[in-house]
Amino acid sequence: MAHVQRMSTTLLKTLRDDPADAETASHKLLVRAGYVRRTSAGVWTWLPLGKKVLDNVSRVVREEMDAIGGQEVLLPALLPKEPYEASGRWEEYGDLLFRLKDRKGAEYLLGPTHEEIFTLTVKDQCTSYKDLPVILYQVQTKYRDEARPRSGVLRGREFQMKDSYSFDTTDEGLAESYRLHRQAYTRIFERLGLDYRVVSAVSGAMGGSASEEFLAPAAAGEDTFVDCPQCDYAANTEAVTVSVSPADPAGHGPVEELDTPDTPTIETLAAHLGVPASATLKNLLVKVDGEITVVGVPGNREVDLGKLGEHLAPAVVELVTAEDFVGRPDLVRGYVGPQGLGLRYIADPRVAPGTAWITGANKSGKHARNVVCGRDFEVDQYLDVVVVEPGDPCPACGAGLEIGRAIEIGHIFQLGRKYADAFNLDVLGQNGKPVRVTMGSYGIGVSRAVAALAEQTHDEAGLCWPREVAPADVHIVAAGKAVQTELALELADKLGSAGVRVLVDDRNGVSPGVKFTDAELIGVPTILVVGRGAPQGVVELKDRRTGTREELPVAEAIERLSALR
Ligand code: ATP
Ligand code: MG
């Protein structure tokens with residue numbers, strides 16, 4: 001009986017209507033099918049069916065983490081402030097951190113991720129190179145005071161994460177731990193039945209080298225990524241870079257000044273001259289650590305300030321304001337050109353040496369034509385800083401890129417020695433001298449993966465789980481008459497003892513129509529209907545995903561379903 005769950009006694013109330021505040025399919029369906037209930041903004045209760053799915057995801061994650069030699073631990077969620085002060089993240093996290101005080105006034109936080117505490121754990125436990133490498137992981141509740149906790153369990157303020165951390169004495173060791181994680185993640189997401197892409201991510205403020213994200217394509221996702229339809233290239237939109245390919249500088253005439261009154265924008269300029277925006281050079285003024293810097297991109301492209309910031313970090317990038325033009329006759333607003341300007345010039349690779357542009361002449365109402373890169377102005381630094389657009393060339397094969405939305409389900413990251421430095425994490429090396437440890441950190445959104453699966457697999461009728469994560473293997477629907485319920489329970493028993501996970505709808509006084517609708521909504525992969533044929537020992541098997549139905553004798557149904565385990 002261990003595997004049989006009766007609906008008559010299960011805490012489960014399905015809803016016909018979508019919750020008023022729900023925008024995404026997973027949010028609507030997980031609530032309507034009775035998997036989760038909202039407790040407060042971004043904080044969720046997992047009801048019996050939901051808990052089963054969540055546990056199934058965790059089980060797969062644990063099995064694959066164990067398979068690469070990970071050791072499971074469980075760290076507290078309630079953490080002292082000091083280690084996070086030492087790493088700088090008490091401040092850096094800003095409003096994202098849940099902070100609290102105990103009765104004595106000592107400050108604590110609710111852990112958003114645990115690099116600090118794992119580093120201290122290893123510092124406490126490992127003293128020699130012989131104790132390493134080590135991979136530690138936990139499946140644990142995390143807390144982040146997200147600005148917009150929307151989309152149900154997709155973005156919670158309390159959520160389940162598998163986080164792991166690797167500790168090595170060498171860079172090669174770290175690369176190997178990273179490779180092992182990448183392999184484990186690939187297996188995990190494949191077993192879960194998620195459609196996913198691995199994309200190179202921008203390392204961002206964490207500092208470090210290699211970093212990749214696992215993205216599940218879905219309209220409800222908050223991440224955008226580029227995908228090549230021709231080859232297997234995929235990347236975070238902010239990580240796409242094109243290279244500089246110099247053009248032939250010959251054949252361009254001399255610089256020619258043009259009278260272009262009232263053309264301070266690319267649109268007005270292109271219209272005035274009757275040229276496409278792509279023939280013009282857009283020069284954006286920014287301040288990099290307070291120093292006025294010009295960023296040049298083709299006139300038909302937008303500067304991605306996030307990308308620019310990532311490239312120039314830790315320098316701070318700001319837009320210029322009206323005050324920055326005060327007392328600067330050299331800066332003619334709306335008519336800036338790179339030629340003879342004497343400011344640091346950062347350019348997009350499309351502004352390649354040898355290309356000619358129409359650009360500001362640094363005089364009010366004037367532009368210049370035939371301004372050639374490398375001849376009339378120099379680029380100090382090339383950075384790919386434009387917003388990626390569909391059709392941009394794939395950096396790997398040149399085909400036109402597509403842009404899609406996705407959910408970040410995992411992130412692997414070579415941290416390097418940042419935390420080891422903050423906490424002086426050394427072990428004794430082979431030669432008896434201390435060696436600084438190098439680390440990786442790796443996360444999977446366990447609760448988010450449940451929502452991502454719901455997003456990718458649902459249909460109009462409801463959820464539609466892959467078997468590995470489904471709350472049961474088979475959902476038996478007893479149509480309603482006593483003889484049908486009796487046979488349904490008998491079947492449930494037999495299947496249960498064969499190790500098949502069964503959900504059986506034995507509710508009295510619920511119409512067959514409602515039961516069928518609920519079965520579709522709940523989304524167990526196989527539905528077994530005990531209906532009209534029951535007295536003759538005939539039942540109906542239905543595949544939830546394909547909708548294929550088949551009538552067959554009870555014995556055959558049992559045989560078929562037992563093979564599922
Ligand atoms: P996001 O960009 O979506 O806010 P993140 O990059 O801040 O995520 P990480 O710090 O990389 O997240 O955390 C590891 C994993 O934890 C993420 O890949 C994601 O799957 C999951 N995760 C992060 N924040 C949340 C959240 N608020 N709710 C549910 N899962 C989350
Ligand atoms: Mg991330």
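Computed over heavy atoms, backbone and side chain alike; hydrogens, waters and symmetry mates excluded. Counting starts at 1 for both ligands and their atoms, following the listed order.
- Tyr185 and Lys162 are linked by a side-chain donor-acceptor pair at a separation below 3.5 angstrom, with hydrogens and angles left out of the test.
- Between Arg62 and Asp66 there is no salt bridge, since none of the side-chain N atoms of the basic residue sits less than 4.0 Å from a carboxylate O of the acidic one.
- Contact annotation: for Glu408 versus ligand 1, heavy atoms closer than 4.0 Å belong to both the backbone and the side chain.
- Ligand 1 has no atom lying under 4.0 Å from any heavy atom of Thr113.
- For ligand 1, the atoms closer than 4.0 angstrom to any heavy atom of Ile409 are 18 (O), 20 (O).
- Per-residue contacts place Leu154 under 4.0 angstrom from the following atoms of ligand 1 (heavy atoms of the residue considered): 28 (N), 29 (C).
- As for Glu408, its N/O/S atom nearest the Mg ion (ligand 2) is the one called OE2.
- In the model, Thr141 has a side-chain atom that pairs as donor or acceptor with a side-chain atom of Gln160 under 3.5 Å.
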Practice prompt. Take Val153 and Trp46, measure what side-chain contact (heavy atoms from CB on, under 4.5 Å) needs, and give me the verdict at the end.
Written response: CA-CA 10 Å; Val153 296; Trp46 293 80; 3.8 Å; yes
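- Ring geometry for Tyr442 versus His181: interplanar angle under 30°, hence parallel rather than tilted (30 to 60°).
- Heavy atoms of other residues, nucleotides or ligands lying less than 6.0 angstrom from CZ of Arg16 number more than 12.
- Counting just the N/O/S atoms of His411, the one with the shortest distance to the Mg ion (ligand 2) is named ND1.
- Scanning the protein for heavy atoms near atom 14 (C) of ligand 1, the closest one is Met161 CE, 3.8 Å.
- Under a 4.0 Å criterion applied to the non-hydrogen atoms of Glu146, ligand 1 contributes the atoms 24 (N), 26 (C), 27 (N).
- In this structure, Arg99 satisfies the cation-pi test against Trp90, with its NZ or CZ atom closer than 6.0 Å to the six-membered ring centre and inside 45 degrees of the ring normal.
- Of the protein's non-hydrogen atoms, the one nearest atom 15 (C) of ligand 1 is Gly445 N, 4.0 Å.
- Between the side chains of Thr24 and Ser151, no donor N or O sits under 3.5 Å from an acceptor N or O.
- At the top of the distance list for atom 22 (N) of ligand 1, counting protein heavy atoms only, stands Phe159 CE1, 3.6 Å.
- Scanning the protein for heavy atoms near atom 1 (P) of ligand 1, the closest one is Arg155 NH2, 3.6 Å.
- Considering only non-hydrogen protein atoms, atom 28 (N) of ligand 1 sits nearest to Gly156 N, 3.0 Å.
- Here the side chain of Ser441 pairs no donor or acceptor atom with the backbone of Phe413 at under 3.5 angstrom.
- Atom 11 (O) of ligand 1 has its nearest heavy-atom neighbour, among His411, Lys162, Gln160, in His411.
- Looking at Arg144 against ligand 1, only its side chain comes within 4.0 Å, counting heavy atoms.
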